[in-house]
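Protein chains get the first letters and strands the later ones, always in sequence-line order, with residue 1 at the start of each.
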Amino acid sequence: MKINAGDTAWVLMSAALVMFMVPGLALFYGGMVRAKNLLAMLMQNFFALGIVTVLWVIVGYSLAFGPGDFIGNFDYVGLKGLSTQVSEAGLPVLAFVAFQMTFAIITPALITGAIADRMRWAAWVPFIVLWSILVYAPVAKWIFGGGWLAQRGALDFAGGTVVHVNAGAAALVLVLLLGRRKNWPRDPMPPHSLPLTLLGTGILWFGWFGFNAGSALAADGVAAQAFMNTFVAAAAGMLGWLIVERLKAGHATTLGAASGAVAGLVAITPCAGFVGGLSPIIIGAIAGAVCYLAIWLKFHFKFDDSLDVIAVHLVGGIIGSVLLGFFADSAINKAGKDGVLFGGGWSLVKEQILAVVVIMAFSMVVTLIIGLGLKKSLSKGIRVTSEEEEIGLDLTQHSENAYSLERV
Amino acid sequence: MKLIVGIIKPFKVDDVKDALKDLGVEGITVSDVQGFGRQRGHTEVYRGAEYTVDFVPKVRIEILVDDSDVERVTAKIVDTARTGKIGDGKVWVVSIDEVIRIRTGESGRDAL
């Protein structure tokens, strides 16, 4: 098979763009935590680049993309035999392996925002190993790997369900297992550096072009549509969030602008290569507004989702995945379908809801098993002691300090 | 000898410093402090959640002066740091037993 140079170049570039989202996400979250927990947050994210990459090569890719409907087999362990393979579309298989690897890395990293300020490092390490293999790999198989949900007809262009709903559902379970931070919500725990958060948001936005437009797996019109949709939905998400925030809380904030853009990006992810026209503006704006309102959930039900992973990623992922059932337009992408608004009827909406519910349920159940298992088996549990929480995770978990400002 | 201590609004520090220099004051020590008086704190909003921040940032200034200079210096600080709004701060005066200049070992008024 002859290699398509343009497509290959774009997919390789996209893999690098998605890789860059990991430090972007780390800064996005890092700016929102208190200074004493900054390095722990950065480390939980950055470590994903180390551990998941190695896992992916050894077994992750094979479980996610090896033959099978529910989970892949061990045919590609150690990427056996893939080095010279070229897909029917003219893409070296290793380019696809690398691109998908970056998704496997960033998905568990998304969870870290919910568990900020209190998870023991020695518990995060086994958690991310087990979660990558037992949750991410099978879910990626079902959708990206041509598994049973994809065969039924669910659409997910770049990971609204596989990445965002999946990580958000796991985040909810871990938050409940860990419990609230000391004195939350009584004590204010304000972001220590919103400039870091804004910088992280910019990097995420930039990297998301690879995430979504790269998911076309070709340098073609669908990629261009996905690129444009990504850009527009982020912008509309920012506006949607800011409008509601201004009306409800009285101020348009920088944190709101950043959060709204990310909410728009999350929601457009499943839709990126399947919608067109003004749809991304509507999808982004709805996501920005609803994700803002969804923050109310954690105060109402008293679960300490520290940096609102559930409100932004779980809710945003659900919004995007379900709205795709309305806005999908097969004129945009022949591989896509028509949603309710484009004469396709309700069948796609039903498949989308099924995919969301199944992936949420699976992620929650397996995350619960992993979390409970670690809680019971680790001698010190999964949460830092009250004293360690007070001192901060940077010093107690990593023996480092984020800022050394040379004061007395 | 007296120690004049002032708690003032941070943006007034430069004005006060310049005014005191004009008055011939030889030295001044400043530090960032936080606290509350009748002004109380302020509120901050993060993702719709409002937090009350009780402690307001202020600047503490300290000046050692001879007894005869106390009135001029305090009057100048009060004059310069006043905006007329709540939270302008306070100035108080403390008696000092001894002052020693470290470089020369001079003490008392000679060390001022």
Side-chain angles (χ1 to χ4, degrees), chain A residues 28-29 31-34 113 116 183-194 197 241-260 262-263 288-300 302 304-312 315 405 407-408, chain B residues 3-14 16-17 20 26-64 83 85-87 89 92 94 96 98-103 105 111:
Chain A
F28 176 69
Y29 284 160
M32 280 189 263
V33 298
R34 289 162 293 168
N183 297 332
W184 182 90
R186 196 199 71 194
D187 287 359
M189 300 175 184
H192 91 282
S193 171
L194 287 177
T197 297
W241 185 297
L242 287 178
I243 290 168
V244 179
E245 186 181 44
R246 175 70 180 79
L247 292 174
K248 302 247 333 167
H251 294 276
T253 65
T254 53
L255 181 57
S259 312
V262 172
V290 176
C291 289
Y292 174 83
L293 297 172
I295 288 171
W296 167 84
L297 290 169
K298 74 170 179 182
F299 291 109
H300 185 75
K302 296 275 185 281
D304 184 9
D305 173 12
S306 315
L307 311 180
D308 303 306
V309 176
I310 290 138
V312 174
V315 174
L405 299 172
R407 306 196 65 154
V408 177
Chain B
L3 173 67
I4 299 173
V5 180
I7 303 292
I8 62 172
K9 288 187 165 164
F11 75 94
K12 281 291 188 183
V13 171
D14 278 339
V16 171
K17 177 199 71 188
L20 292 179
E26 297 282 350
I28 170 171
T29 304
V30 300
S31 40
D32 287 314
V33 293
Q34 303 180 72
F36 69 82
R38 293 191 205 166
Q39 184 189 2
R40 314 301 305 186
H42 62 267
T43 53
E44 296 181 9
V45 188
Y46 298 104
R47 286 182 169 164
E50 263 194 32
Y51 299 109
T52 306
V53 179
D54 288 323
F55 297 134
V56 188
K58 296 283 171 189
V59 168
R60 173 189 177 106
I61 57 174
E62 291 167 293
I63 309 144
L64 280 166
T83 67
K85 296 197 189 93
I86 200 161
W92 61 87
V94 187
I96 296 293
E98 182 63 298
V99 178
I100 301 160
R101 174 171 284 121
I102 292 176
R103 177 172 53 86

Quick check for you: to the nearest 0.5 Å, what is the distance between A/Trp241 atom CH2 and B/Arg47 atom CZ?
5.0 Å

Heavy atoms from other residues, nucleotides or ligands near CZ of A/Arg246 exceed 12 (cutoff 6.0 Å):
no

Please indicate whether B/Glu98 has more than 12 foreign heavy atoms, meaning atoms of other residues, nucleotides or ligands, lying under 6.0 Å from its CD.
yes

Close contacts, residues 183-191 of chain A versus chain B, judged by heavy atoms under 4.5 Å:
A/Asp187, A/Pro188, A/Met189, A/Pro190, A/Pro191

Given side chains that start at C-beta, do those of B/Glu44 and A/His251 come closer than 4.5 Å, heavy atoms only?
no

Any chance you could measure B/Tyr46, atom OH, to A/Thr197, atom OG1, to the nearest 0.5 Å?
10.5 Å

Which residues satisfy the side chain to side chain contact (heavy atoms under 4.5 Å, CB included) test with A/Val244, sequence neighbours excluded?
A/Lys248, A/Ala289, A/Tyr292, A/Leu293

Could you tell me whether A/Phe299 atom CZ has more than 12 heavy atoms of other residues or ligands within 6.0 Å of it?
yes

For B/Ile102, I'd like to know if atom CD1 has over 12 heavy atoms of other residues, nucleotides or ligands within 6.0 Å.
no

Mind listing the closest non-hydrogen atom pair of A/Thr253 and B/Val45 along with its distance?
CG2-O, 4.1 Å

Closest heavy-atom pair, A/Ala249 versus B/Gly48, reported as atoms and distance to 0.1 Å, is CB-CA, 4.2 Å

Which atoms of A/Ser259 are under 4.5 Å from chain B, going by heavy atoms: the side chain, the backbone, both sets, or neither?
both

A/Trp296, part contacting chain B, at a heavy-atom distance under 4.5 Å
neither

